[in-house]
Enquirer: 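Take this structure, written in structure tokens, and hold onto it; I'll ask about it next.
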Amino acid sequence: MEARADVLLTALPRALDGTGPALLPLPDGPGRAGVLAALRPEEPLERDDVALVVPTSGSTGAPKGALLTASALLHSAHATLDRLGGPGQWLLAMPVTHVAGLQVLVRSLVGGAPPEVLDLTSGFTADAFVAATARLDASARRYTALVPTQLRRLLDAGVDLSAYDAVLVGGAALAFAAPANVVRTYGMSETCGGCVYDGLPLEGVDVVIEKGGRISIGGPVVFAGYRLRPDLTTAALVDGRHLTQDLGTWTEDGRLDVVGRIDDVIVSGGVNVPTALVEAVLSEHALVRAVAVVGVADEQWGERVVAVVAGRSGVPPLELADLRAFCAERLEVAAIPGLLVTVDTLPMLASGKPDRSAVRSLVAAHLAR
């Protein structure tokens, strides 16, 4: 169906109570045909308790459709509102083709307050966000959800976010200081969006670090499988738990720390180097505005760590020697970047994560010069 907030808000109540059909929000543009071909909405659903089929491809890959039941979506919404302090009015600032945007609609229905919808037709701007914020009910609790790129843009523009009781930010680790009301979330389409807030699982969510560091998530928010892909479902849904592609550890105070992805580990000199760890360190450098880390083949080390950096405007460009000296105090030798590629803008996915495929292409082009 058309991925518009007003259209979805009208159809969602019936999808959630089972009196209406499940909904498949379709993206505009070239990705639409691929989603239709992969998810085949003309064919019957595998289950009759599914309320939403959310297109997802993770960081890369062909479209998949996460089957989300009404009970999973509603549990997630109730648990989120309980964690944040109760119902309130939401500002929808993300596309409703993604689970984060869809969950703003579900939470709004559960909380009984219609969301204020930010017009993203011409892109996300700080001025439009400020104007939309001013239209929220000042007597109610106020919430919004953003990706890190949006938050950074607002902070760079000097936007005051103190009007919000909570600003949920997911999609990638924050590489900059954020206001106290920012809540860092972790989750994915397969868990109805964010299910771990500031490192602590929502009510009913069970997080386990499996052997090798892989994160496994159980509980009532877990998806029911992938649309028409029993092979993918078998790999990702094990004994009712979602076996993610993410690696994590527990901090000393019992919070989940996501350190990277299984496919984002560089093996350099026989040492496993999580790209997320290197990115977190590099993001602390005063000249770094955004960074992505990838590996390239190296005859001596197996793989070499490459930092792709978008620098800050108005400051001298970052030099590799400076970057390596900065990392030497914080990382083991194998994790220190051996190559620096500077760019004006880092390629990003709509989720707010670096587009690693595009980043690798940039590195390949740099090496081919």
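What you see below is based on every heavy atom in this structure, not just the backbone, and it leaves out hydrogens, waters and symmetry mates.
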Enquirer: Side chains of D355 and S357: donor-acceptor distance under 3.5 Å anywhere?
Expert: no

Enquirer: Side-chain contact, heavy-atom cut-off 4.5 Å: V273 with L277?
Expert: no

Enquirer: Looking only at atom types and distance, does a side-chain atom of R324 sit under 3.5 Å from a main-chain N or O of P337, one as donor and one as acceptor?
Expert: yes

Enquirer: Side-chain contact, heavy-atom cut-off 4.5 Å: L346 with R289?
Expert: no

Enquirer: Classify the ring geometry of W90 against Y143: parallel below 30°, tilted from 30° to 60°, perpendicular beyond 60°.
Expert: tilted

Enquirer: In Å and rounded to the nearest 0.5 Å, what is the CD to OG distance from Q89 to S139?
Expert: 9.0 Å

Enquirer: Could you state whether V50 and V106 fall into the same hydrophobic cluster, counting links through intermediate Ile, Leu, Val, Met, Phe, Trp or Tyr residues with side-chain heavy atoms under 4.5 angstrom apart?
Expert: no

Enquirer: Can you confirm whether D231 is buried at CG, in the sense that more than 12 heavy atoms of other residues, nucleotides or ligands lie under 6.0 Å from that atom?
Expert: yes

Enquirer: Do V296 and V267 belong together in a cluster built from hydrophobic side chains that touch within less than 4.5 Å?
Expert: no

Enquirer: Say whether L45 and L68 are linked into one hydrophobic cluster, either directly or through other cluster members, by side-chain heavy-atom distances under 4.5 angstrom.
Expert: no

Enquirer: Just wondering, do F129 and L146 contact through their side chains at under 4.5 Å, heavy atoms?
Expert: yes

Enquirer: With a 4.5 Å limit on heavy-atom distance, are the side chains of Y197 and V205 in contact?
Expert: no

Enquirer: What verdict does the salt bridge (charged side-chain N to carboxylate O under 4.0 Å, His left out) test give for D239 and R241, after you've listed the backbone C-alpha separation in whole Å, the side-chain angles of each residue and the deciding distance to 0.1 Å?
Expert: CA-CA 6 Å; D239 295 329; R241 303 180 63 87; over 6 Å; no

Enquirer: To the nearest 0.5 Å, what is the distance between CZ (R227) and CG (L232)?
Expert: 14.0 Å

Enquirer: Let me confirm one number: the CG-CG distance from L9 to L105, rounded to the nearest 0.5 Å.
Expert: 4.5 Å

Enquirer: Judged by atom type as modelled, is there a donor-acceptor pair below 3.5 Å linking the side chain of D165 to the main-chain atoms of L84?
Expert: no

Enquirer: Which atom names give the shortest non-hydrogen contact between A163 and T133, and what distance separates them?
Expert: CB-CG2, 4.4 Å

Enquirer: What's the shortest heavy-atom distance between A126 and L154, and which atoms?
Expert: CA-CD2, 3.7 Å

Enquirer: With a 4.0 Å cut-off, would you call D253 and R255 a salt bridge?
Expert: yes

Enquirer: Could you check whether any side-chain heavy atom of L287 comes within less than 4.5 Å of a side-chain heavy atom of L323, counting everything from C-beta outward?
Expert: no

Enquirer: Would you find more than 12 non-hydrogen atoms of other residues, nucleotides or ligands less than 6.0 Å from E42 atom CD?
Expert: yes

Enquirer: Working to the nearest 0.5 Å, report the span between CD of E190 and OG1 of T233.
Expert: 9.5 Å

Enquirer: Do V110 and V221 share a hydrophobic cluster, counting only Ile, Leu, Val, Met, Phe, Trp and Tyr and linking them when any side-chain heavy atoms are less than 4.5 Å apart?
Expert: yes

Enquirer: Is atom CD of E210 surrounded by more than 12 heavy atoms (other residues, nucleotides or ligands) closer than 6.0 Å?
Expert: yes

Enquirer: Atom CG in L228, atom CD in E46: separation rounded to 0.5 Å?
Expert: 5.0 Å

Enquirer: Do the non-hydrogen side-chain atoms of L92 and V117 ever get within less than 4.5 Å of each other?
Expert: yes

Enquirer: Check for a donor-acceptor pair, side chain of T244 on one end and backbone N or O of I215 on the other, with a separation under 3.5 Å.
Expert: yes

Enquirer: Could you check whether any side-chain N or O of R47 sits under 3.5 Å from a backbone N or O of L67, counting only pairs where one atom can act as donor and the other as acceptor?
Expert: no

Enquirer: Does a side-chain heavy-atom distance below 4.5 Å link L367 with L339?
Expert: yes

Enquirer: Check this for me: does any side-chain nitrogen of one of R261 and D246 sit under 4.0 Å from a carboxylate oxygen of the other?
Expert: yes

